[in-house]
Structure formats: C-alpha cells, structure tokens
J.: 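So that we are looking at the same thing, I have put the structure below in structure tokens.
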Amino acid sequence: MLPLPIFKYHRPRTLDEAITLLAQLGDKARIIAGGTDLLPNMKHGLVEPECVVSVSRLEELRGIHLERVPGGEGDRERLLVGAGMRLAEIAESLVVQRAAPALAEAAAQVGGPHHRAMGTLGGNICLDTRCRYYNQTYFWRKSLGFCLKKDGTECHVVRGGQKCVAAASNDSAPALIALGAEIELLGPRGERRVPAADFYTADGIYNTVLIPGEVVVRVAIPITAGRRSAFEKLRRRGAIDFPLLSVAARVDLNDGDEGQPTSVRAIEVVVSALGARPRRLRAALAVPVGSPVDGLPSALAEAAFKECKPLTNLDDDVIWRRQMVRILVRKAVARAACLA
Ligand SMILES: Cc1cc2nc3c(=O)[nH]c(=O)nc-3n(C[C@H](O)[C@H](O)[C@H](O)COP(=O)(O)OP(=O)(O)OC[C@H]3O[C@@H](n4cnc5c(N)ncnc54)[C@H](O)[C@@H]3O)c2cc1C
Ligand code: SF4
C-alpha cells in the first residue's frame, strides 16, 4: 500500500474563509473535496501540496434546485447544482434525472459506489487528466525517464510532441458542455461564470481555465422545452473504471405537426476521453434547424468516426476505441432524440 505524504489539513467553515485561506497559502495549497482523485495522486507523487484546504463543510457549495429566470420572452428555468454535491446525490436526484438526464447518467457511471458516495461534482469538474504513462507510481515513471506532465521533458504518447495530450477523464465534463451549462467560480478576483464549453483547454498538464485559489461553487444548466439528453460511456469494467471514451448528446426537439416527423431546433454532441479537452462534434453543430430527427443518429455516428481519433494515452486498443465512437454516438443521439 502506498503511504500518503505528510501535509497540513485545513477545514474552513465558510466559502469566504476558504477563499481567504487559499489566497494566503498560494501554490502551497490544493483544494480537497471528496479526495478520491487528489489523495491517490498525492500517494503517487503526482501532486505534492504542503497543505490541503477542504471544501466539504461549505454549505454554499450544497444544494440542487430549479430557479426561475425572468426574461423578455417569459420566465425561463435553470437547474442549479452545488459543486459540493456528491455524485451519488446527483445521480439519484429526480430533479436532475428529469431536467438534465445526461448529467444524472454521467454521475451514475463515475467509478464505483464508494467513489460516488465521496466524490463531488466540483472535484469531478476539476479532475486531473489521465495517461497510461502518468497515472503510475514514482518508480514506474522514473524507470521510463518521467514525462512532460511531471518531472520529465518528453511525451511518450506523441513522440517529439511539445504538448501533453493526457485524456480528460471526468464524466461530468461532456455532459455539462452538451447541456450548455455555466460553471460559477469564486476566487481572489471575485466571481465569474464560464460556459462549460470554454472551461477546458487542450493542455493536458493543466486543462482548465481555473486560476490559483479559485473555487468551483456551482453549475447552472438552462432548461428549455423539448430538450432531451443522454450519456454513454465505454470502460473496461462496468462496475468501476474511468472512461476509455464518453459521449454526451443533447437534442432540442420541435414538436412534430400532425403527419410531420419531429425535427430538431439544435443538437450538441460531445466526445471525451480522447485528448485533454472534451471535443464538441462539428458535424452536430452544423445540423440545420428543422432537420428531421430520423437518420441523425447514423449520420452523426459516421461523422464522429471521421472526426475523432483516440490516442494511445489510455490503456486500451485505439482501433477498438475509435470503432466505439461510432456506436456510442449513435446510441447517445438516438436516446436523446427519443428514437431508442
Ligand atoms: C478507482 C477509481 C475510479 C474512478 N473512476 C472514475 C470515473 O469513471 N469517472 C470519473 O469522472 N472519475 C473517476 N474517478 C475519479 C474521482 O473519483 C471522481 O472524478 C470524483 O468525482 C472526484 O471528486 P472528489 O470530490 O473526490 O475530488 P478531489 O479528489 O477532492 O479533487 C479532485 C481535483 O479537483 C479539485 N477540486 C475539488 N473540488 C473543487 C472545487 N469545488 N473547486 C475547485 N477545485 C476543486 C482538487 O483540488 C483536485 O485537483 C475514479 C477514481 C478512482 C480512484
Ligand atoms: S500525454 Fe505525454 S506528456 Fe502527457 S502524461 Fe502522457 S506521456 Fe506524459
């Protein structure tokens, strides 16, 4: 069993206290929520904070509720989910299951029951990227001469590559992007809201736009009539593993007039666990408004197969992972469009 290094543990009572503490501690500190990713990474020597600041007591990070948003064309609604909510709570919430099925389905498929009981949405959103050459013990990595992401100068996935392409492995990320969510942050420079689609960068070393000391407080998901969503995941063991591929689809449907097939107002498909940033499928964004839903799952599955090329950053065979892009995109779009 790998031992944990020694560190100081802080457990502030309020969000303001946490922000002040994080600003004081600077790069000596890391935020901890459920610890299901941070602690294994500390054991492997991948992150070496002197202090950890727990956000688990912060009431400001709790809650799941619907909120009315007054607007020009009548009231709209949005779903607010606190970053401190456990994945099991999100998966089991009837409100999330109804308003944002892709997020409930993604949360339900993270790790195993213990990870979902401890792991939080905030921790999942900020999960470190993963790679077969990085998520290893210190001695394993040392024997290979380390790599760009930690302690080394080379990438073993893209030979001669100057950029880390470790895989975004957080299941909530494609779901939140597909659902058009906004991520609400509070930090030393105040509050800001970042669309989930702009939250991730293509840099596997640090793949989010979070600035030091910033805390994810909650996510806001817009709710629109006729909106449906679904999430699909490929993993080695259905009971526990990280994704080898994940797909979230969101379809905004127009009600079909009598005798007319149902058509789409908008569609978004996000494929993840390929590179450092979840990928928004270009072919889905280009689907014209009013297109009939029939035929979309197969058309988008073929387009996704052409657009997505998995790398050797994860353990399993890339040819199999690429073939599965086609299958999971077809399933996700068909379920979101109520065709399956
Ligand atoms: C065996 C195993 C299998 C797993 N399988 C999966 C899987 O299938 N899918 C998946 O997505 N994950 C998986 N995980 C990873 C992990 O369990 C989940 O991603 C979980 O949601 C992480 O949440 P946490 O609260 O435990 O995060 P922590 O470990 O506490 O933190 C993770 C990161 O987020 C940061 N952080 C936490 N909260 C905040 C916040 N509010 N604001 C800013 N930064 C924050 C921390 O500083 C840290 O960098 C697995 C882990 C293990 C050990
Ligand atoms: S993609 Fe390359 S640099 Fe990044 S973790 Fe893997 S081997 Fe290291």
Side-chain angles (χ1 to χ4, degrees), residues 15 18 22 29-43 46-47 49 52-56 58 60-61 82-88 90 106-112 114-136 141 144-159 161-175 183-187 203-208 210-219 233 235-244 246 272-273 275-276 311-314:
L15 183 53
L22 285 164
R30 287 295 288 253
I31 297 173
I32 189 165
T36 59
D37 190 56
L38 186 71
L39 295 178
N41 289 350
M42 285 170 67
K43 288 181 176 183
L46 299 172
V47 280
V52 299
V53 177
S54 170
V55 291
S56 61
L58 308 184
E60 295 92 332
L61 269 54
M85 295 308 290
R86 308 279 174 192
L87 295 166
I90 293 170
Q109 293 180 60
V110 169
H114 301 90
H115 305 106
R116 297 192 292 272
M118 284 303 291
T120 62
L121 180 62
N124 195 259
I125 289 171
C126 303
L127 190 77
D128 195 6
T129 54
R130 295 184 63 83
C131 174
R132 66 198 299 193
Y133 301 102
Y134 169 74
N135 295 98
Q136 303 288 352
R141 290 184 293 114
L144 212 66
F146 300 107
C147 78
L148 271 181
K149 186 159 159 73
K150 178 85 174 106
D151 302 326
T153 53
E154 269 187 75
C155 175
H156 307 296
V157 173
V158 181
R159 296 274 167 195
Q162 290 307 306
K163 204 159 164 191
C164 170
V165 290
S169 302
N170 38 359
D171 288 312
S172 67
I183 300 179
E184 299 186 3
L185 310 168
L186 185 69
D203 175 2
I205 294 178
Y206 195 68
N207 80 328
T208 73
L210 270 184
I211 58 168
E214 219 169 19
V215 176
V216 175
V217 178
R218 63 179 183 178
V219 299
K233 171 170 174 175
R235 52 180 168 171
R236 226 171 305 146
R237 297 166 298 177
I240 190 164
D241 283 317
F242 279 96
L244 294 169
S246 56
S272 197
L311 300 165
T312 54
N313 47 9
L314 301 179

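Every value quoted in this text rests on a predicted model; they were computed, and no experiment measured them. Along the sequence shown, residues are numbered consecutively beginning with 1. For ligands, and for the atoms within them, numbers begin at 1 and follow the listed sequence.
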J.: Check ligand 1 for N or O atoms under 3.5 Å from a protein N or O and list each pair with its distance.
T.:
| residue | atom | partner | partner atom | Å |
| --- | --- | --- | --- | --- |
| ligand 1 | 5 (N) | Gly111 | N | 3.3 |
| ligand 1 | 8 (O) | Gly111 | N | 3.0 |
| ligand 1 | 8 (O) | Asp171 | OD2 | 3.4 |
| ligand 1 | 8 (O) | Lys233 | NZ | 2.7 |
| ligand 1 | 8 (O) | Asp241 | O | 2.9 |
| ligand 1 | 9 (N) | Asp171 | OD2 | 2.7 |
| ligand 1 | 11 (O) | Asn124 | ND2 | 2.7 |
| ligand 1 | 11 (O) | Ser169 | O | 3.2 |
| ligand 1 | 11 (O) | Asp171 | N | 3.0 |
| ligand 1 | 17 (O) | Thr36 | OG1 | 2.6 |
| ligand 1 | 19 (O) | Asn124 | ND2 | 2.8 |
| ligand 1 | 21 (O) | Thr120 | O | 3.3 |
| ligand 1 | 21 (O) | Asn124 | ND2 | 3.3 |
| ligand 1 | 23 (O) | Thr120 | N | 3.4 |
| ligand 1 | 25 (O) | Gly34 | N | 2.8 |
| ligand 1 | 25 (O) | Thr120 | N | 2.9 |
| ligand 1 | 25 (O) | Thr120 | OG1 | 2.7 |
| ligand 1 | 26 (O) | Gly35 | N | 3.1 |
| ligand 1 | 26 (O) | Thr36 | N | 2.9 |
| ligand 1 | 26 (O) | Thr36 | OG1 | 2.6 |
| ligand 1 | 29 (O) | Thr36 | N | 3.3 |
| ligand 1 | 29 (O) | Asp37 | N | 2.8 |
| ligand 1 | 29 (O) | Leu38 | N | 2.8 |
| ligand 1 | 30 (O) | Ala33 | N | 2.8 |
| ligand 1 | 30 (O) | Gly34 | N | 3.3 |
| ligand 1 | 30 (O) | Gly35 | N | 2.8 |
| ligand 1 | 41 (N) | Val216 | O | 3.1 |
| ligand 1 | 42 (N) | Val216 | N | 2.8 |
| ligand 1 | 47 (O) | Ile31 | O | 2.5 |
| ligand 1 | 49 (O) | Arg30 | NH2 | 2.9 |

J.: Can you name the residues that form a salt bridge (Lys or Arg N to Asp or Glu O under 4.0 Å) with Arg141, not counting sequence neighbours?
T.: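 Per chain and number, Arg141 pairs via salt bridge (Lys or Arg N to Asp or Glu O under 4.0 Å) with Asp151.
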J.: Is Arg235 salt-bridged to Asp171, going by a charged N under 4.0 Å from an acidic O?
T.: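 Between Asp171 and Arg235 there is no salt bridge, as every charged N stays at least 4.0 Å from the carboxylate O atoms.
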J.: Which protein residues have a heavy atom under 4.0 Å from ligand 2?
T.: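 Lining ligand 2 at under 4.0 Å, by heavy atoms, one finds Cys131, Tyr133, Tyr134, Cys147, Leu148, Lys149, Cys155, His156, Val157, Cys164, Val165, Ala166.
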J.: Looking only at non-hydrogen atoms, find the nearest pair between Gly82 and Arg218 and report the distance.
T.: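 Taking every non-hydrogen atom into account, CA-CB, 3.8 Å.
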J.: Run Leu185 and Ile211 through side-chain contact (heavy atoms from CB on, under 4.5 Å) and show every step you take.
T.: CA-CA 10 Å; Leu185 310 168; Ile211 58 168; over 6 Å; no
J.: Applying the side-chain contact (heavy atoms from CB on, under 4.5 Å) test to Leu38, which of Val47, Leu127, Asp128 qualifies?
T.: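 Looking at Val47, Leu127, Asp128, the match for Leu38 under the side-chain contact (heavy atoms from CB on, under 4.5 Å) is Val47.
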J.: Using side-chain contact (heavy atoms from CB on, under 4.5 Å), reason through Tyr206 and Thr208 one step at a time and then give a plain yes or no.
T.: CA-CA 6 Å; Tyr206 195 68; Thr208 73; 4.2 Å; yes
J.: Under the side-chain contact (heavy atoms from CB on, under 4.5 Å) test, which residues partner Thr312, sequence neighbours left out?
T.: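 Thr312: side-chain contact (heavy atoms from CB on, under 4.5 Å) contacts with Arg132, Val157, Val318.
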J.: Could you go step by step and tell me if Asn124 and Ser172 meet the side chain to side chain donor-acceptor pair (under 3.5 Å) rule?
T.: CA-CA 7 Å; Asn124 195 259; Ser172 67; 2.6 Å; yes
J.: Can you tell me how far the CG atom of Leu61 sits from the CG atom of Leu121, to the nearest 0.5 Å?
T.: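 The CG atom of Leu121 is 9.5 Å from CG of Leu61, to the nearest 0.5 Å.
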